[in-house]
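A short write-up of the structure that comes next.
Note that ligands are numbered from 1 as they come in the structure, with each ligand's atoms numbered from 1 the same way. FYI, the numbering just counts along the sequence from 1. Quantities reported herein were computed from a predicted structural model and do not represent experimental measurements.
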Amino acid sequence: MVCSPAYSSRAVYDRLLYRHFQTPRLVQEGDVLCVPTFGCAEFLDGNADKFLRWPELYFKVRKILGTEEGMQSEGYLADTQNTSLYLMAFAQAQQYRPCVLLLKDIEVLGRDRDRLGEDARVIATLRQLLLDGDPALSSHPVLVIGTTCKPQDVPTDVQTAFLHEVKIEALSEDQRRAMLSTLTATLPLGKEVSLAKLARRTAGFVLGDFCALLSHSSRAACTRIQALSFPGGLSEEVERDFCTAGFPVLEEDFIVALDQLHDAHSQAVGAPKIPSVSWQDVGGLHEVKKEILDTIQLPLEHPELLSLGLCRSGLLLYGPPGTGKTLLAKAVATTCTMTFLSVKGPELINMYVGQSEENVRNVFARARAAAPCIIFFDELDSLAPNRGRSGDSGGVMDRVVSQLLAELDGLHSSREVFVIGATNRPDLLDSALLRPGRFDKLVYVGVNEDRDSQLQVLSAITRKFKLDPSVNLSSILEECPAQLTGADIYSLCSDAMMCAVKRKVEWIEEGLDTESSALILTMEDFLQAAARLQPSVSEQELLRYKLIQQKFAAC
Ligand SMILES: Nc1ncnc2c1ncn2[C@@H]1O[C@H](COP(=O)(O)OP(=O)(O)OP(=O)(O)O)[C@@H](O)[C@H]1O
């Protein structure tokens with residue numbers, strides 16, 4: 001905001017100035033700032049000008065940014081330390097009564113410089129200011145509204161000074177629909193655009209996302225029309241006329257925009273996303289598929305079951321690694337157009353006291369915001385081991401398990417959040433987790449033991465590959481070990497793919513092939529890969545899984 005010749009040209013003063021400028025001051029161009037050097041002995045002793053003890057430095061304010069042209073310029077050097085800014089804001093609000101004073105992100109007000117502790121002086125002032133202006137006492141009130149995304153971080157004294165607290169929840173499908181129809185009221189929409197369908201596909205969206213959706217789809221429509229009608233491009237003038245005249249936004253434009261937004265959303269860490277795994281990508285596992293769909297799709301299609309309290313909200317998939325548990329959960333989420341929040345157990349464990357429980361709470365809160373949503377807990381055994389045996393001195397894991405149980409019990413009221421857990425060791429789980437109403441349905445996902453089921457997996461994986469007509473999938477499997485997990489078959493295919501890539505590179509180098517031609521996998525590639533394939537789950541391990549399966553089947 002403020003530049004002064006010395007500030008910009010003599011970097012040696014930076015630290016001192018930085019500290020000084022953290023106290024807000026109302027400044028104008030031409031003001032001379034006087035910066036005391038008290039307490040900066042080491043800085044002064046070491047300075048290049050050899051001034052031993054300079055009690056004060058002077059700087060002239062040359063320029064203030066962010067002011068309107070023609071107006072007398074004035075600006076603040078802002079900080080979170082001093083209370084004068086708040087005093088000023090409240091005083092200004094009083095002048096314009098009746099008015100609304102909006103304080104954004106109130107959780108940062110009252111934090112000290114490193115944002116870890118609280119500044120009691122600022123908090124006390126803020127509280128006083130909030131309590132002084134009771135709107136009920138005045139006919140021309142100043143209505144103070146504070147906003148925050150982290151209510152738990154707002155200092156208690158500030159929080160209690162507000163009369164009302166309004167929680168803005170995630171939008172329901174009906175609310176999203178209503179918001180869309182208001183926002184698109186003036187927009188020429190194509191006949192086939194269904195706002196109901198859009199509302200269904202925008203779980204978790206908030207107002208800002210909808211505004212982005214509309215601007216992205218308008219841009220997509222503009223690009224589409226330009227590409228169709230003016231392939232040579234448009235002059236600036238014609239383009240302006242064209243935009244003023246307006247153009248209809250079609251369903252395909254919304255789809256393009258939605259894909260862009262979902263992509264951007266999924267890059268945000270920990271954001272729920274709608275996966276793109278279809279049932280065709282999952283080979284075999286028909287029984288398991290049916291079990292999962294009965295648990296999840298049925299209550300979605302027949303909400304009357306929910307009112308009878310007859311639905312399950314949790315399902316546990318267990319079995320050896322690489323058998324397709326994650327893949328199944330993703331396919332279900334895609335089929336039911338639900339968002340999918342994947343969480344690996346160890347990711348939630350944090351060394352700070354209380355943080356792991358907070359992480360568990362956050363996962364469920366995020367899922368509720370993006371409902372209908374499936375939370376997929378991978379490696380559940382590491383998140384919810386048997387209580388009392390976890391061996392950690394502070395009992396962190398016990399508290400995490402308790403938090404998880406509390407959240408699972410709370411799911412019945414939210415209805416549209418389902419939980420799928422996956423584990424290789426269900427015997428290590430806390431038994432309370434498997435009680436009715438929690439993960440009460442256990443489904444074993446085993447290795448593919450017969451060639452038929454292996455063939456289904458191999459066909460599903462090679463669906464997107466280009467295969468030579470000589471390739472016979474059944475004969476390939478004859479060359480493989482008898483028991484294979486889905487991941488083993490996947491590694492067979494990726495090995496075969498590597499063989500094909502190597503061959504293609506050699507051919508390109510010899511001038512026999514070009515980069516633009518498609519990569520074709522031959523029978524020879526698969527046979528080479530099959531000869532090297534080692535099953536990832538040993539006989540002994542399989543036996544152990546069989547015993548576990550028997551134990552749980554008997555429960
Ligand atoms: N039935 C299947 N059909 C098609 N592909 C499969 C199948 N099972 C596994 N795969 C392949 O194996 C890979 C690994 O599977 P996935 O991650 O779902 O296993 P998992 O059981 O969740 O393993 P883990 O217990 O180690 O987490 C998948 O990405 C997929 O390519």
Quiz prompt | Mode of I489 contact toward ligand 1 - side chain, backbone, both, neither (heavy atoms, under 4.0 Å) | solution = neither
Self-check item: Heteroatom distance test (L327, ligand 1): nitrogen or oxygen, under 3.5 angstrom
Solution: yes
Quiz item: Going by distance alone, is a donor N or O of one side chain under 3.5 Å from an acceptor N or O of the other, for S453 and D450?
Solution: yes
Exercise. Applying salt bridge (Lys or Arg N to Asp or Glu O under 4.0 Å) between R532 and each of D495, D488, D525, report the one that passes.
Key: D495
Quiz prompt | Heavy atoms from other residues, nucleotides or ligands near CD of Q540 exceed 12 (cutoff 6.0 Å) | solution = no
Self-check item: Atom indices of ligand 1 within 4.0 angstrom of D378 heavy atoms, with elements
Solution: 27 (O)
Quiz item: Less than 3.5 Å between some nitrogen or oxygen of Y490 and one of ligand 1, yes or no?
Solution: no
Exercise. Show which atoms of ligand 1 fall inside a sub-4.0 Å distance from at least one heavy-atom site of I461.
Key: 4 (C), 5 (N)
Quiz prompt | Side-chain donor-acceptor pair present, D468, S470, cut-off under 3.5 Å | solution = yes
Practice problem: Say whether S517 and K504, considering side chains only, have a donor N or O and an acceptor N or O under 3.5 Å apart. | Solution: yes
Self-check item: Proximal ligand 1 atoms for G283, defined as those under 4.0 Å from one of its heavy atoms
Solution: 1 (N), 2 (C), 3 (N), 4 (C)
Quiz item: A487 heavy atoms, cut-off 4.0 Å: which ligand 1 atoms fall inside?
Solution: 9 (C), 12 (O)
Self-check item: Polar atom proximity, A460 to ligand 1 (N or O, under 3.5 Å)
Solution: no
Practice problem: Specify whether F205 and F210 have parallel, tilted or perpendicular ring planes, treating 30° as the upper limit for parallel and 60° as the lower limit for perpendicular. | Solution: tilted
Practice problem: Please report which non-hydrogen protein atom sits nearest to atom 4 (C) of ligand 1, along with the residue it belongs to and the distance in Å to one decimal place. | Solution: D281 O, 3.2 Å
Practice problem: Could you say whether the N/O atoms of G324 and ligand 1 ever approach to under 3.5 Å? | Solution: yes
Quiz item: Considering residues, nucleotides and ligands other than E358, do more than 12 of their heavy atoms fall under 6.0 Å from its CD?
Solution: yes
Quiz item: So, does V445 sit close enough to ligand 1 that a heavy atom of it is under 4.0 Å from the ligand?
Solution: no
Quiz item: Do V445 and Y318 touch side chain to side chain, with heavy atoms closer than 4.5 Å?
Solution: no
Quiz item: Going by the order shown, which atoms of ligand 1 are within less than 4.0 Å of some heavy atom of N424?
Solution: 25 (O)
Quiz prompt | L285 neighbourhood, listing ligand 1 atoms whose heavy-atom distance to it stays under 4.0 Å | solution = 1 (N)
Self-check item: G322 near ligand 1 by a heavy-atom separation under 4.0 Å
Solution: yes
Quiz prompt | Enumerated ligand 1 atoms positioned under 4.0 Å from heavy atoms of G486 | solution = 7 (C), 8 (N), 9 (C), 10 (N), 11 (C), 12 (O)
Self-check item: L512 atom CG, neighbour heavy-atom count above 12 within 6.0 Å
Solution: yes
